**Q** 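Take a look at the following structure, please.
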Amino acid sequence: MTEEVLLRAFAALQTQRVMLEGMILKPNMVLPGLTCTTQETADEVADATVKCLLRVVPAAVPGIAFLSAANPVNWPRRG
């Protein structure tokens, strides 16, 4: 889902001739659904998120920022 949303967003930005060099992307983490029987580890979530971003975010985007407060309460954390 994240990949499809980002692909469409960047297509729209390109159509509008937005200069990607002037943006900072604030994406979500790539997480399994809350009702999914298999919940991924923090490392698996990080790997899936990075792979997704590398596939779809144009190289012209200079920065990506995450808000850690957006993580679900039950998401695995390292101490």
Side-chain angles (χ1 to χ4, degrees):
M1 179 62 74
T2 297
E3 191 168 326
E4 181 65 27
V5 170
L6 287 173
L7 284 170
R8 289 177 187 233
F10 283 113
L13 291 170
Q14 181 179 14
T15 299
Q16 296 298 318
R17 298 182 181 182
V18 171
M19 290 183 55
L20 300 180
E21 297 84 356
M23 73 176 288
I24 297 175
L25 180 65
K26 192 204 100 35
N28 58 284
M29 299 292 280
V30 176
L31 297 167
L34 292 176
T35 59
C36 184
T37 57
T38 305
Q39 294 297 311
E40 307 297 339
T41 67
D43 286 342
E44 291 168 324
V45 168
D47 287 343
T49 301
V50 169
K51 286 176 185 174
C52 175
L53 296 175
L54 287 172
R55 279 193 301 268
V56 299
V57 177
V61 176
I64 298 174
F66 292 96
L67 295 178
S68 61
N71 292 335
V73 174
N74 64 346
W75 189 65
R77 295 188 173 99
R78 289 204 155 147

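Predicted model, so just to flag it, every value in this text is computed and none were measured.
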**Q** How close do Val45 and Glu40 get, heavy atom to heavy atom, and via which atoms?
**A** CG2-CB, 3.9 Å
**Q** Determine the minimum heavy-atom distance between Asn28 and Phe66, stating which atoms define it.
**A** O-CE2, 4.0 Å
**Q** Looking only at heavy atoms, which two atoms of Ala65 and Pro27 are closest? And how far apart?
**A** O-CD, 3.5 Å
**Q** Nearest heavy-atom pair of Cys52 and Thr2: which atoms, and what distance?
**A** SG-CG2, 4.0 Å
**Q** Are there over 12 heavy-atom neighbours, none belonging to Gln16, within less than 6.0 Å of that residue's CD?
**A** no
**Q** Cluster question for you: counting only ILVMFWY and a side-chain heavy-atom cut-off of under 4.5 Å, with indirect links fine, are Val50 and Val61 together?
**A** no
**Q** Does the Gln39 side chain pair with the main chain of Gly33, one donor and one acceptor, at a distance under 3.5 Å?
**A** yes
**Q** Give me the atom names and distance for the closest heavy-atom approach of Val30 to Thr49.
**A** N-OG1, 2.8 Å
**Q** Would the number of heavy atoms belonging to other residues, nucleotides or ligands and lying under 6.0 Å from CD of Glu3 be above 12?
**A** yes
**Q** Restricting to non-hydrogen atoms, name the atom on Val56 and the atom on Phe10 that form the minimum distance, rounded to 0.1 Å.
**A** O-CD1, 3.9 Å
**Q** For the CD atom of Glu4 and the CG atom of Leu6, what is their distance to the nearest 0.5 Å?
**A** 9.5 Å
**Q** Do Met23 and Val5 belong to the same hydrophobic cluster, where Ile, Leu, Val, Met, Phe, Trp and Tyr are linked whenever their side-chain heavy atoms lie under 4.5 Å apart, directly or via other members?
**A** no
